[in-house]
Colleague: 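Pasting a structure here, questions to come.
Remember, it's 1-based here, ligands and their atoms both numbered in the order they're listed. The model shown is predicted, which means the values in this text are computed figures rather than measured ones. Computed over heavy atoms, backbone and side chain alike; hydrogens, waters and symmetry mates excluded.
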Amino acid sequence: MRFENKTAIITGGASGIGRAAALRFAHEGAQVVIGDLNVDGGRATAGLIEEQGGSALFAEINVSDSKQMKELISVTVETFGKLDILFNNAGIGNPNVKSVDLAEEEWDQIIDINLKGVFLGIKYAVPEMKKTGGGAIINTSSLLGIKGQKYLAAYNASKAGIILLTKNAALEYGRDGIRVNAIAPGVIDTKIIDGWKNDERKWPIISRANALGRIGTPEEVADAVLFLASDEASFITGATLSVDGGGLTF
Ligand SMILES: NC(=O)c1ccc[n+]([C@@H]2O[C@H](COP(=O)([O-])OP(=O)(O)OC[C@H]3O[C@@H](n4cnc5c(N)ncnc54)[C@H](O)[C@@H]3O)[C@@H](O)[C@H]2O)c1
């Protein structure tokens, strides 16, 4: 078990990629704390972990709220004694509109959750990780943090920002034993893409737009996250790992 005696926080753990990662971390021995806005989903993930015989805690939090993120880290340390892994994964999509039609409030909300949420996670997790000599942080960027896509201005910008924020934190805290990496998933079968599935014209194209010709599963992304969090990735920091079926090959 790669994560025995480790404590991992997973934001956005109520569904999709976050839930798959929470279940896998727990399966490999970690004590898991799930932070999410979605109370039913968050409790359900914690329940699934406990059914497997694991240890889990759910906290209702909004990642863009500084106080709540700080509290998430403190509750984790109070409950499990330390923090080893932070998976900064919560995120939302973008209304499918041109930039000029994107409301300023929508821009702010996407940047606050997707980008500031990651910053707050780093801000409050690092001091705790320093106390125990290190840790691993994994941030969820996207293929769309590397590649531009029309009508997704705020999402593109937020996910691109995460890649540089990841490099920045890797540089600042590498000598404290903290590794910081990002993942860049392609199209993955979760709730966030439900809207795309209803587009009869575009979905057949979107769902096959990579080298493998299919979409990915949350579990396939979770496996990459666990690798980056594990000692097997001990010399990897500041990297962005594409988990996209070869979506960047053309
Ligand atoms: N599914 C994809 O195709 C895909 C591709 C690239 C990147 N991503 C990224 O993966 C991450 C996980 O998304 P997913 O695909 O599993 O979708 P999802 O909708 O199933 O999961 C997102 C989770 O984040 C939570 N969340 C949203 N806003 C929050 C907030 N303010 N505070 C706390 N929790 C909040 C939601 O409640 C949900 O549980 C996101 O950052 C998303 O942008 C997804």
Side-chain angles (χ1 to χ4, degrees), residues 9-24 33-46 48 58-73 86-95 106 108-121 138-147 149 152 154-163 165-166 182-197 199 202-203 206-210 212 214-222 224-225 240-245 247-248:
I9 293 180
I10 292 146
T11 70
S15 79
I17 294 168
R19 172 176 285 178
L23 292 171
R24 270 170 154 64
V33 179
I34 297 139
D36 202 298
L37 279 177
N38 174 350
V39 176
D40 290 344
R43 285 192 182 140
T45 305
L48 287 167
F58 167 66
E60 181 185 357
I61 57 124
N62 183 337
V63 293
S64 65
D65 183 305
S66 184
K67 262 196 189 152
Q68 293 179 27
M69 276 302 272
K70 196 172 176 186
E71 185 67 18
L72 176 69
I73 311 285
L86 170 64
F87 181 26
N88 267 322
N89 166 72
I92 56 169
N94 200 118
E106 290 171 324
D108 286 345
Q109 192 194 22
I110 295 163
I111 299 295
D112 276 358
I113 295 173
N114 291 7
L115 186 56
K116 184 176 153 192
V118 172
F119 159 69
L120 292 174
I138 299 99
N139 302 322
T140 304
S141 175
S142 169
L143 172 77
L144 298 175
I146 301 169
K147 209 170 170 172
Q149 185 159 316
L152 295 181
Y155 191 80
N156 267 165
S158 68
K159 294 297 184 179
I162 288 173
I163 293 175
L165 193 55
T166 298
I183 50 158
V187 183
I188 309 298
D189 198 5
T190 70
K191 279 195 308 208
I192 214 169
I193 62 155
D194 277 352
W196 295 0
K197 285 184 178 171
D199 190 325
K202 285 192 191 150
W203 180 243
I206 294 171
S207 61
R208 303 182 60 198
N210 60 39
L212 299 182
R214 64 169 177 87
I215 63 172
T217 66
E219 290 74 21
E220 288 176 306
V221 181
V225 175
T240 297
L241 178 59
S242 291
V243 190
D244 62 2
L248 285 173

Colleague: Could you tell me whether the side chain of Leu248 reaches within less than 4.5 Å of the side chain of Lys147, counting heavy atoms only?
Modeller: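 Sidechains of Leu248 and Lys147: in contact.
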
Colleague: Pick whichever of Ile206, Asn38, Asp36, Thr11 has a heavy atom sitting closest to atom 36 (C) of ligand 1.
Modeller: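 Considering heavy atoms of Ile206, Asn38, Asp36, Thr11, the nearest to atom 36 (C) of ligand 1 sits in Asp36.
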
Colleague: Give the atom numbers and elements of ligand 1 that come within less than 4.0 Å of a heavy atom of Ile61.
Modeller: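 Under 4.0 Å from Ile61, ligand 1 has these atoms: 32 (N), 33 (C).
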
Colleague: Is any side-chain heavy atom of Ile146 less than 4.5 Å from a side-chain heavy atom of Ser242?
Modeller: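 Side chain of Ile146 against side chain of Ser242, heavy atoms only: contact under 4.5 Å found.
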
Colleague: Return the closest protein heavy atom for atom 10 (O) of ligand 1 as residue, atom name and distance.
Modeller: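 Going atom by atom, the protein heavy atom closest to atom 10 (O) of ligand 1 ends up being Thr140 CG2, 3.3 Å.
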
Colleague: Determine whether Ile193 and Trp203 make a side-chain contact, defined as any pair of heavy atoms from C-beta on separated by less than 4.5 Å.
Modeller: yes

Colleague: Going by the closest heavy atom to atom 22 (C) of ligand 1, which one wins out of Ala21, Gly16, Gly91, Ser141?
Modeller: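 Among Ala21, Gly16, Gly91, Ser141, the closest heavy atom to atom 22 (C) of ligand 1 belongs to Gly91.
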
Colleague: Any heavy atom of Lys159 closer to ligand 1 than 4.0 angstrom?
Modeller: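 Right, Lys159 reaches ligand 1.
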
Colleague: Does Ser64, backbone or side chain, put an N or O under 3.5 Å from an N or O of ligand 1?
Modeller: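 Not met; the criterion fails.
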
Colleague: Show the atoms of ligand 1 that are less than 4.0 angstrom away from any heavy atom in Pro185.
Modeller: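 In order of number, 5 (C), 6 (C), 7 (C).
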
Colleague: Please could you name the atoms of ligand 1 that Ile113 approaches to less than 4.0 Å, counting only its heavy atoms?
Modeller: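 What qualifies from ligand 1 is 28 (N), 31 (N).
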
Colleague: Of the protein's non-hydrogen atoms, which lies at the shortest distance from atom 24 (O) of ligand 1, and what is that distance?
Modeller: Gly12 CA, 3.5 Å

Colleague: Are any of the N/O atoms on Ile188, whether in the backbone or the side chain, positioned under 3.5 angstrom from an N/O atom of ligand 1?
Modeller: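 Yes; the residue has a nitrogen or oxygen that sits under 3.5 Å from a nitrogen or oxygen of the ligand.
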
Colleague: Heavy-atom contacts with Ala14 under 4.0 Å: which atoms of ligand 1 show up? List them by number with element.
Modeller: 39 (O)

Colleague: Do me a favour and list the nearest non-hydrogen protein atom to atom 20 (O) of ligand 1 with residue, atom name and distance?
Modeller: Ser15 OG, 2.6 Å

Colleague: Going by the closest heavy atom to atom 26 (N) of ligand 1, which one wins out of Gly117, Ala90, Gly186, Gly42?
Modeller: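 Selected option, by shortest heavy-atom distance: Ala90.
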
Colleague: Going by distance only, is there an N or O of Val63 that falls short of 3.5 Å from an N or O of ligand 1?
Modeller: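 Indeed, backbone or side chain, Val63 has an N or O that close.
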
Colleague: So which heavy atom in the protein is nearest atom 44 (C) of ligand 1, and how far is it from that ligand atom?
Modeller: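 Going atom by atom, the protein heavy atom closest to atom 44 (C) of ligand 1 ends up being Ile17 CD1, 4.0 Å.
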
Colleague: State the CG-CG distance between Asn139 and Leu115, to the nearest 0.5 angstrom.
Modeller: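 So the gap between those two atoms works out to 10.0 Å.
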
Colleague: Hey, could you give me the CD1/CG distance between Ile73 and Leu86, rounded to the nearest 0.5 Å?
Modeller: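 CG of Leu86 is found 5.5 Å from CD1 of Ile73.
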
Colleague: Check whether any side-chain heavy atom of Ile17 sits under 4.5 Å from a side-chain heavy atom of Pro185, and report yes or no.
Modeller: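 With C-beta onward as the side chain, the pair touches.
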
Colleague: Please identify which atoms of ligand 1 are closer than 4.0 Å to at least one heavy atom of Asn62.
Modeller: 30 (C), 31 (N), 32 (N)

Colleague: List the closest protein heavy-atom neighbour of atom 17 (O) of ligand 1: residue, atom name, distance to the nearest 0.1 Å.
Modeller: Thr190 OG1, 3.3 Å

Colleague: Rounded to the nearest 0.5 Å, how far does CD1 of Ile138 lie from OG1 of Thr240?
Modeller: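 One finds 12.0 Å between OG1 of Thr240 and CD1 of Ile138.
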
Colleague: Before accepting this row, confirm whether a basic side-chain N of the pair Lys197/Asp189 lies closer than 4.0 Å to the acidic partner's carboxylate O.
Modeller: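 Judged by the 4.0 Å cut-off on N to carboxylate O distance, Lys197 and Asp189 do form a salt bridge.
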
Colleague: Is there a side-chain contact (heavy atoms from CB on, under 4.5 Å) between Ile92 and Ile192 once you walk through the steps?
Modeller: CA-CA 7 Å; Ile92 56 169; Ile192 214 169; 5.5 Å; no

Colleague: Between Ile92 and ligand 1, which part of the residue brings a heavy atom under 4.0 Å of the ligand: side chain, backbone, both or neither?
Modeller: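 It is the side chain that gets close, since no backbone atom is under 4.0 Å.
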
Colleague: Who's the nearest protein heavy-atom neighbour of atom 8 (N) of ligand 1, and how far?
Modeller: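 Looking only at protein heavy atoms, the one closest to atom 8 (N) of ligand 1 is Tyr155 OH, 3.5 Å.
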
Colleague: Any non-hydrogen side-chain atom of Gln68 less than 4.5 Å from a side-chain atom of Leu72?
Modeller: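 Not touching, per the 4.5 Å side-chain cut-off.
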
Colleague: Can you find an N/O atom of Val187 closer than 3.5 Å to an N/O atom of ligand 1?
Modeller: no

Colleague: Give the contacting part of Asn89 toward ligand 1: side chain, backbone, both or neither, where contact means a heavy-atom distance below 4.0 Å.
Modeller: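 Both backbone and side chain.
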
Colleague: Decide yes or no for Phe119 and Asn88: does some side-chain heavy atom of the first lie under 4.5 Å from some side-chain heavy atom of the second?
Modeller: no

Colleague: With rounding to the nearest 0.5 angstrom, report the CG to NZ distance, Leu152 to Lys159.
Modeller: 12.0 Å

Colleague: Answer with side chain, backbone, both or neither: which part of Leu37 has a heavy atom less than 4.0 angstrom from an atom of ligand 1?
Modeller: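 Answer for Leu37: both.
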
Colleague: Can you tell if the side chain of Lys191 reaches within under 4.5 Å of the side chain of Asn38, non-hydrogen atoms only?
Modeller: yes

Colleague: Within a strict 4.5 Å, meaning less than it, do heavy atoms of the Ile188 and Pro218 side chains meet?
Modeller: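 With C-beta onward as the side chain, the pair touches.
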
Colleague: Starting from atom 13 (O) of ligand 1, what is the nearest protein heavy atom, named by residue and atom, and what distance separates them?
Modeller: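 Ranked first by proximity to atom 13 (O) of ligand 1 is Ile192 CD1, 4.2 Å.
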
